[in-house]
Amino acid sequence: MGRNGRMAFMALLLILGGAVFAAPSEVFSPTKTLMRVQVEKTLVRAAPTVTAAILAEVPYRTALEVTATGGGWARVVVPGSGAEGYVFLSALTAGALTPSAPGAAERGVTGTEIVLAGKGFAESMEQSYSLRSGIDFSWVDYMESFGYPASDCVRFLAGE
Amino acid sequence: MRITLRISKPGAFFAFLSVFLILTSCLTLAEGVDTLASKAISQGFLTSTQAAAFAAAAKAAELAANPLTPQETYYIGRAVAARIFTSYHPYGCAELISYLNMLGQGLALYSSKPEIYAGYHFMALDSTEVNAFASPGGHVLVTRGMLRLARSEDELAAVLAHEISHIALGHGLKSVQGSRLTQIASDFAIQAGMSGGSDAAAFTSAFGDSIAELASSLVISGYSLSYELEADQEARRMLLASGYDPRALETLISRLPRGGEASAAGFALTHPDAESRLDALRRAPSEGNLAKNAAKYRILQPNRDSDIFKNRGEKISPASVRAERFEAARILF
């Protein structure tokens with residue numbers, strides 16, 4: 001390899017090295033898939049960090065177009081606006097989320113109706129269980145009343 | 001010679017079904033059977049009774065593969081937690097519960113499932129027994145005996161991270177036999193189709209039996225050793241990722257009461273293998289390897305959240321803040 005060749009090789013190494021170090025700390029793999037929200041509600045954030053601005057709140061079973069995934073996050077298209085944002089990958093599923101209730105999917109034509117129907121069945125099961133067994137759910141409701149924004153929790157953990 | 005190919009009607013239906021399902025892979029098994037069954041009836045392959053039986057079998061197979069939705073799992077978790085509250089009195093000190101939830105919900109962000117159906121929630125139980133439970137719905141219940149065992153916020157974080165890991169890794173429902181899960185799913189299904197009456201009472205009672213079994217498997221039998229070890233490894237990763245001392249889990253386990261001690265009453269039953277857990281933790285990956293794993297989930301970005309990163313060890317000492325607030329909370333244990 002001549003001198004020019006060596007310099008070109010060194011330049012290539014520098015460029016490649018620079019690209020590696022300059023790369024964002026989070027590498028996202030592009031994809032194009034539809035996934036559903038599998039939590040009661042999830043937040044779409046402007047960046048893949050819990051401290052980023054909140055763009056939207058999306059309810060259970062909403063189908064979201066996922067354009068990339070990485071580091072436990074999914075980049076999604078915000079319903080309605082077309083902008084892109086980030087949700088926790090664990091909040092999404094590729095599954096159908098069909099309630100066990102037979103025919104619920106057929107009866108509830110829209111996603112919202114299915115969600116309400118599913119929740120209604122589960123709630124009515126809880127009510128009749130509570131009524132027949134005498135088991136009280138008020139302490140469960142009490143503990144569930146303690147909920148904090150993720151950004152406050154990470155700052156708390158960091159010692160703020 | 002005459003060869004007769006005998007194909008029974010149900011046999012032909014299954015053959016037809018196999019091809020149909022391969023061609024219509026977007027449909028669920030039950031949806032596919034429903035659509036096909038109406039065609040099969042119209043062409044004389046099946047009677048409507050046979051078709052209904054096949055549809056029920058297909059629904060059962062689908063339930064067995066994925067019996068419960070996250071929403072149903074959450075309601076089961078609520079029922080399990082409510083049932084545990086019948087054996088252990090809740091300790092509803094709002095200041096303490098607030099502290100436990102801020103700490104626990106923060107740690108859960110570093111778990112493999114930062115978001116579950118209705119989130120993670122934490123509560124104290126008024127018992128001197130050293131014990132902690134996690135419901136499949138995200139409810140973590142810790143006795144005052146266990147809280148008192150912790151000597152630092154790091155050790156308390158270790159207890160909570162271990163219980164969060166049981167939830168994130170789905171250990172609660174995995175500990176229950178598949179047939180019982182299918183039973184719970186069909187209880188939901190049957191409840192949905194009923195408006196009341198004696199049948200509804202019977203199925204609600206069956207649901208109650210399932211919940212009782214699940215609660216007793218958590219309170220009396222506990223998890224298998226392999227699930228305990230898995231939760232320990234995951235807890236260590238979470239502690240490191242969130243800036244706590246991963247060795248806190250080891251120091252806490254080494255002080256757990258052994259069988260024979262009064263405070264060991266429940267815990268010795270549900271966590272019988274402290275020595276095996278300590279052995280596994282001593283053989284566990286180094287902190288360097290753990291750090292690589294910790295990077296798998298990033299809930300913060302170093303360049304965007306520099307203020308939080310800067311606070312870790314530079315601007316203020318997180319350890320001193322944690323020590324101070326732990327001492328303040330400890331009075332409430």
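Just so it is clear: chains get the letters A, B, ... in the order the sequence lines come, proteins before strands, and each one is counted from 1.
- Contact of L141(B) with chain A is made through the side chain alone, with heavy-atom distances under 4.5 Å.
- Contact tally against chain A (heavy-atom pairs below 4.5 Å) for I84(B), T86(B), I116(B): the top residue is I116(B).
- Proximity of I211(B) to Y129(A): side-chain heavy atoms (C-beta onward) are separated by under 4.5 Å at one or more points.
- The contact between T42(A) and chain B is made by backbone and side chain atoms together, counting heavy-atom distances below 4.5 Å.
- The part of F122(B) that comes within reach of chain A is its backbone (N, CA, C, O), which places non-hydrogen atoms under 4.5 angstrom from that chain.
- Interatomic distance, L157(A) CG to Y110(B) OH, rounded to the nearest 0.5 Å: 6.0 Å.
- Y117(B) and Y60(A) have their aromatic ring centers within a separation under 6.0 angstrom.
- With rounding to the nearest 0.5 angstrom, the CZ atom of R78(B) is 12.5 Å from the CD1 atom of I135(A).
- Contact tally against chain A (heavy-atom pairs below 4.5 Å) for G92(B), A108(B), P90(B): the top residue is P90(B).
- Most heavy-atom pairs under 4.5 Å with chain B: of the set L131(A), D141(A), V87(A), V37(A), this distinction falls to D141(A).
- Counting only distance, with no hydrogens or angles, the side chain of T69(B) and the backbone of L97(A) share no donor-acceptor pair below 3.5 Å.
- Of the listed residues (S98(B), A79(B), G104(B), G119(B)), the greatest number of heavy-atom pairs within a distance under 4.5 Å of chain A belongs to S98(B).
- Here CG of D152(A) is found 10.5 Å from CD of Q105(B). Values are rounded to the nearest 0.5 Å.
- Closest approach of A91(A) to E115(B), counting heavy atoms only: CB-OE1, 3.2 Å.
- In terms of heavy-atom proximity, C153(A) sits nearest to G106(B) at CB-CA, 3.5 Å.
- In this structure, R325(B) forms a cation-pi arrangement with F156(A), its terminal cationic atom sitting closer than 6.0 Å to the ring centre and no more than 45° off the ring axis.
- Of the two parts of V140(B), only the backbone, made up of N, CA, C and O, holds a non-hydrogen atom closer than 4.5 Å to a non-hydrogen atom of chain A.
- Neither the backbone nor the side chain of S111(B) comes within contact range of chain A, judged by heavy atoms closer than 4.5 Å.
- Atom CG of D136(A) sits about 14.0 Å away from atom CZ of R83(B), to the nearest 0.5 Å.
- Listed in order of number, the residues of residues 142-151 of chain A that approach chain B to under 4.5 Å between heavy atoms are Y142(A), M143(A), E144(A), F146(A), G147(A), Y148(A), A150(A).
- Among G137(B), A81(B), A94(B), the residue with the largest count of heavy-atom pairs under 4.5 Å with chain A is A94(B).
- Taking CZ of F85(B) as the start and OG of S138(A) as the end, the distance is 9.0 Å to the nearest 0.5 Å.
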